[in-house]
Structure formats: C-alpha cells, structure tokens
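To start, the structure under review is shown below, and the notes come after it.
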Amino acid sequence: MAREYSQGPEADTNGIIVPVELGTIAPNFAQLLCTSQVGIVQPAVAFGDSWIIVRVEKFISAQLDDFMRQQLLQENFETWFQQQLSQLSPEETWMGINTKPAQLQEAKAAYKLLKLGTR
C-alpha cells in the first residue's frame with residue numbers, strides 16, 4: 001500500500017521507516033505506536049492533513065551504551081547551555097560575545113555548527 005499510495009519518502013521503502021525514538025515524534029503518534037501490537041495493521045488514523053496506517057515491526061529497548069551515554073550528555077549540555085544564555089542580561093557578554101539579539105543569533109549558530117561537528 002505504501003509504495004502505491006504514500007506521498008512521503010516511505011513510498012520508496014515499502015512503508016518501512018527507520019527506528020525512531022518515541023520522545024522525538026508527536027505525542028499522539030508515539031501513543032499510537034506504543035499501544036499497537038507488533039505485526040498488527042492498525043486502522044487508518046487522521047494525522048494532521050494526512051491519514052496514516054501503521055504496523056509496528058518490532059520494539060527496540062533502549063540501552064545505556066556508549067552512544068546513548070554520549071547522546072544524553074549532549075542533550076543535558078544543550079539544556080544547560082540554553083539556560084545559561086537565557087540568564088544573561090542584554091548588556092552582558094558571554095565568551096566575548098555581546099548578547100544583543102543579532103550577536104546572540106551568531107553565537108547560537110556557531111554553537112550549532114560546533115554541536116554538528118561532535119556527532
């Protein structure tokens with residue numbers, strides 16, 4: 001069905017979508033996946049402007065391996081970093097960068113590039 005009717009990228013993969021972390025998708029979609037039985041096709045459900053038909057192939061339990069540990073550390077650092085930036089007044093500087101809007105956006109862009117380089 002996906003190959004013939006889907007309008008998304010899953011049409012090219014026969015409907016198969018790579019594993020996703022439940023915390024990274026819309027809560028109502030995550031709920032649908034969590035309540036689905038493995039291998040059972042669920043009835044069509046309205047999702048935004050589209051309709052989806054889901055069949056969960058398998059659940060993969062999270063494991064605290066080196067990759068996951070690094071990801072959790074990165075997420076915690078990002079949260080801390082954003083908290084630190086939000087506490088600065090417009091007159092303060094951070095690492096030599098004035099936190100006025102334009103310069104703050106430059107600092108955030110530089111941080112994102114740095115973050116991408118560490119993954």
Side-chain angles (χ1 to χ4, degrees):
M1 285 178 54
R3 181 164 297 284
E4 189 172 337
Y5 298 106
S6 180
Q7 297 175 350
E10 64 279 353
D12 296 329
T13 60
N14 292 324
I16 297 173
I17 300 174
V18 297
V20 295
E21 296 176 31
L22 293 177
T24 63
I25 58 177
N28 54 345
F29 187 49
Q31 180 68 24
L32 173 65
L33 295 176
C34 286
T35 58
S36 296
Q37 291 182 348
V38 173
I40 304 296
V41 176
Q42 299 299 311
V45 176
F47 190 73
D49 294 337
S50 303
W51 286 82
I52 59 172
I53 299 172
V54 173
R55 182 181 76 197
V56 174
E57 292 295 317
K58 67 179 177 176
F59 287 102
I60 303 171
S61 299
Q63 296 180 6
L64 187 57
D65 55 12
D66 288 338
F67 175 79
M68 184 58 68
R69 183 177 287 111
Q70 185 63 36
Q71 187 171 355
L72 290 171
L73 286 171
Q74 183 68 34
E75 290 172 6
N76 285 334
F77 173 76
E78 290 173 22
T79 300
W80 173 84
F81 181 74
Q82 292 303 322
Q83 289 171 346
Q84 299 306 306
L85 282 179
S86 69
Q87 292 175 10
L88 295 175
S89 71
E91 297 80 30
E92 290 181 291
T93 60
W94 178 77
M95 293 182 64
I97 299 170
N98 188 315
T99 58
K100 291 182 180 166
Q103 291 172 320
L104 183 57
Q105 291 303 320
E106 290 174 15
K108 286 181 179 180
Y111 169 72
K112 284 182 181 178
L113 288 175
L114 174 66
K115 181 175 76 171
L116 290 173
T118 61
R119 290 192 177 175

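What you are looking at is a predicted structure, and each value in this text was computed from that prediction instead of being measured.
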Contacts of E57 that satisfy side-chain hydrogen bond (donor to acceptor under 3.5 Å, both in side chains) - sequence neighbours left out:
R55

Exercise: identify the closest heavy-atom pair between T24 and E21
OG1-O, 2.6 Å

Answer with yes or no whether the hydrophobic clustering places I52 together with V38; edges join I, L, V, M, F, W, Y residues whose side-chain heavy atoms lie under 4.5 Å apart.
yes

If Ile, Leu, Val, Met, Phe, Trp and Tyr residues are connected whenever their side-chain heavy atoms lie under 4.5 Å apart, and connections chain through other members, are V54 and I25 in the same group?
yes

Take L33 and L22, measure what side-chain contact (heavy atoms from CB on, under 4.5 Å) needs, and give me the verdict at the end.
CA-CA 8 Å; L33 295 176; L22 293 177; 4.1 Å; yes

Side-chain donor-acceptor pairs under 3.5 Å in residues 12-19, sequence neighbours left out?
from, atom 1, to, atom 2, distance (Å)
T13, OG1, E10, O, 3.2
T13, OG1, I16, O, 2.6
N14, OD1, R3, NE, 2.9
N14, OD1, R3, NH2, 3.2

Tell me who clusters with M68, hydrophobic residues only, linked when side chains sit under 4.5 Å apart either directly or through other members.
L64, L72

Indicate, with yes or no, if V45 and I53 share a hydrophobic cluster defined by side-chain heavy-atom contacts under 4.5 Å among Ile, Leu, Val, Met, Phe, Trp and Tyr.
no

Should Q71 and E75 count as side-chain neighbours, where that means a heavy-atom distance under 4.5 Å?
yes

W80 vs F77 aromatic rings, parallel, tilted or perpendicular, using cut-offs 30° and 60°?
tilted

Could you list the residues that satisfy side chain to side chain contact (heavy atoms under 4.5 Å, CB included) with A11, not counting sequence neighbours?
S6

Only counting residues at least two apart or in another chain, list the ones meeting side chain to side chain contact (heavy atoms under 4.5 Å, CB included) with A26.
N28, F29, F47

Go through the structure and list residues passing side chain to side chain contact (heavy atoms under 4.5 Å, CB included) with S36, not counting sequence neighbours.
L32, Q42, V56

